[in-house]
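Structure record follows, encoded as structure tokens.
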Amino acid sequence: MTVAGVGVSPGIGHGPVYVLTASVPEPPEGATYVGEADEEKARAHAALEKVAADLEARGVRAGGEAKDVLAAQALMARDPGLAVGVDALIDRGTAAERAVYDSFGTYRDLLTSAGGYLGERAADLDDIRDRTVAVLTGRTMPGVPDVAAEPYVLVARDLAPADTALLSKDVVAAFVTEEGGPTSHTAILARAMGVPAVVAARGATGLTPGVRVLVDGAAGTVTVEPGEREVAAARRRSEAREQALRAATGPGGTSDGHAVPLLANLGGPGEVKAALANGAEGVGLYRTEFLFLDRKQPPTGAEQETAYRAVLEAFPGGKVVVRTLDAGADKPLAFLPAQGEEPNPALGERGLRMFRVYPEVMAEQLDALARAAEGLPARLQVMAPMVATVEEATWFTEACRARGLTSAGVMIEVPAAALRAGDLAAAVDFFSIGTNDLAQYTFAADRQVGALSALQDAWQPALLDLIALAVGEHGRPCGVCGEAAADPVLACVLVGLGVATLSMSAPSLPAVRAGLAGHTLAQCRAAAEAARAQSTAAGARAAARAALPRLAALGL
Ligand code: PEP
Ligand code: MG
């Protein structure tokens, strides 16, 4: 059996399925048990002890700060007062899982009403409660295992950055999600980690936990219980492609010498190594909000300075484009909440709009950036997300200039900005097109909804037209840092449209470098023209491929 989806991170992953359960359902109110009260109590105590021991063991494996946090959680699970409460409810006829659920509820209320530090422990209690209820009801414990005897294929409805942030290639063989499109953060993170991924795979969460699957992140397929030969053949294909990619080295550009700097998208200093290993010539998008996704309080200026400097130091001669915090919608930051209710967060206060509400946070970030760049040879460029008007662009540029930040640019993610790039050009030093959001807003299709992935396809001719408009003839350099740049075929088309630099997740760099090096600028232009002459995304892709003759030989 094969489950089909959209391949968003190439490579072959083979391993047992781990299905991430969204949350453990609440046991029914009034649930009772059959049998003796003492047996039911023993069942509850055993479950609590199992959870405590598991948390402790994870802590020992993780070490450091995580060890203390998990040890404290284990203590909560072993709290004698909690056991007394559970026993009392069981004595009244309540089933163990409901007794555990309600007893944790009482503690939770106490903590929440205490507020502050104690109030924040409520989430830890919920986690222990869910784990214990899962044990009692025979379900998989919630959460993503961060250690494994053998790398597993993580299957989920969707993955939040927080779910995957702590995982590594040694633990996860591949990601498969039912939701998510090519530009979702599952896709971006998977590429950043170099883990194969398939999104929009309908029915994937129905796979039996533990069953072995073969994930082809280029073809977008998940084969259940593949034969040994099939696995071996898939690995050989993937290795041949890897070899072709390793052969392409040096700065990016077409075969006739038109330079196209190839830059990396980063979420923090931890990704610098992969960027350098894949030959990044600089950084085209430093997503600074990724540094602070789990924070309740704004980061201090000093810690920001350290995180920015670490990346600037890694690229002494290159340029480093740092994006100011893009908070809101799919990347909420607890310390920058939206004002009032937002039925459509993607259309609400996000990106630069958030800084209109919290100007002091922008001031702190820009100050930290200016300090971080002091005395370093890297070329720092600062960029604002979600800009729609000239007024916004001017406000941002002036704030940068006031701090001596000499290169200030904006992302083009909103159709209004693409349509009026000529006007914006007068207010900024450079542009970078965020094709993920530009597709989302052009097609009114939420990038997190897998069912709409066809509408987020950057090959849509309407999107290609907007990119052509944004590149324009306004004299300002225009790069692409959305995931469209990571598609080696589309990358050639973008260069043909006049895009100056391409920035992508580090593992995508070699394929793009190989694709570009195999073609002349004239061929790229012809491919762009052929793609825009089509009326469908599939037609545009096919026409571009036909105009780029070396792709097949390179296995791209
Ligand atoms: C984009 O929208 O294309 C982009 C690069 O920004 P992000 O994916 O972080 O929203
Ligand atoms: Mg964006």
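Order of listing sets the numbers, starting from 1, for every ligand and every atom in it. Index from 1, following the sequence. Source: prediction; values computed, not measured.
Using the six-membered ring where Trp is involved, Phe292 and Phe335 have ring planes that are perpendicular, over 60° apart on the 30 and 60° scheme.
Side-chain N/O atoms of Gln365 and Thr324 include no donor and acceptor closer than 3.5 Å. Using a 3.5 Å distance cut-off with no hydrogens or angles, the side chains of Asn265 and Ser503 do pair a donor with an acceptor. A donor and an acceptor atom, one from each side chain of Thr435 and Glu483, are nowhere located under 3.5 Å apart.
One finds a salt bridge joining Arg447 and Asp330 here, because a Lys/Arg side-chain nitrogen approaches an Asp/Glu carboxylate oxygen to under 4.0 Å. Glu281 has no carboxylate O lying under 4.0 Å from a charged side-chain N of Lys319, or vice versa, which leaves the two without a salt bridge. Classification of Asp429 and Arg401 as a salt-bridged pair holds, one side-chain N sitting under 4.0 Å from a carboxylate O.
Each of the atoms 3 (O), 5 (C) of ligand 1 lies under 4.0 Å from some heavy atom of Gly482. Close approach of ligand 1 to Leu285 is summarised as follows: ligand atoms under 4.0 Å from at least one heavy atom of the residue are 5 (C). Which parts of ligand 1 touch Cys481 is read off a 4.0 Å heavy-atom cut-off, strictly below it: atoms 5 (C). For ligand 1, the atoms closer than 4.0 angstrom to any heavy atom of Asp437 are 1 (C), 2 (O), 3 (O), 10 (O).
Proximity of Arg323 to ligand 1, defined as any heavy-atom pair under 4.0 Å, is confined to the side chain (atoms from C-beta onward). Under 4.0 angstrom from ligand 1, there are no non-hydrogen atoms of Gln440.
Across the listed options Arg447, Glu483, Glu289, Arg447 owns the non-hydrogen atom lying nearest to atom 8 (O) of ligand 1.
As for Glu413, its N/O/S atom nearest the Mg ion (ligand 2) is the one called OE2. Looking only at N/O/S atoms, Asp437 comes nearest to the Mg ion (ligand 2) through OD2.
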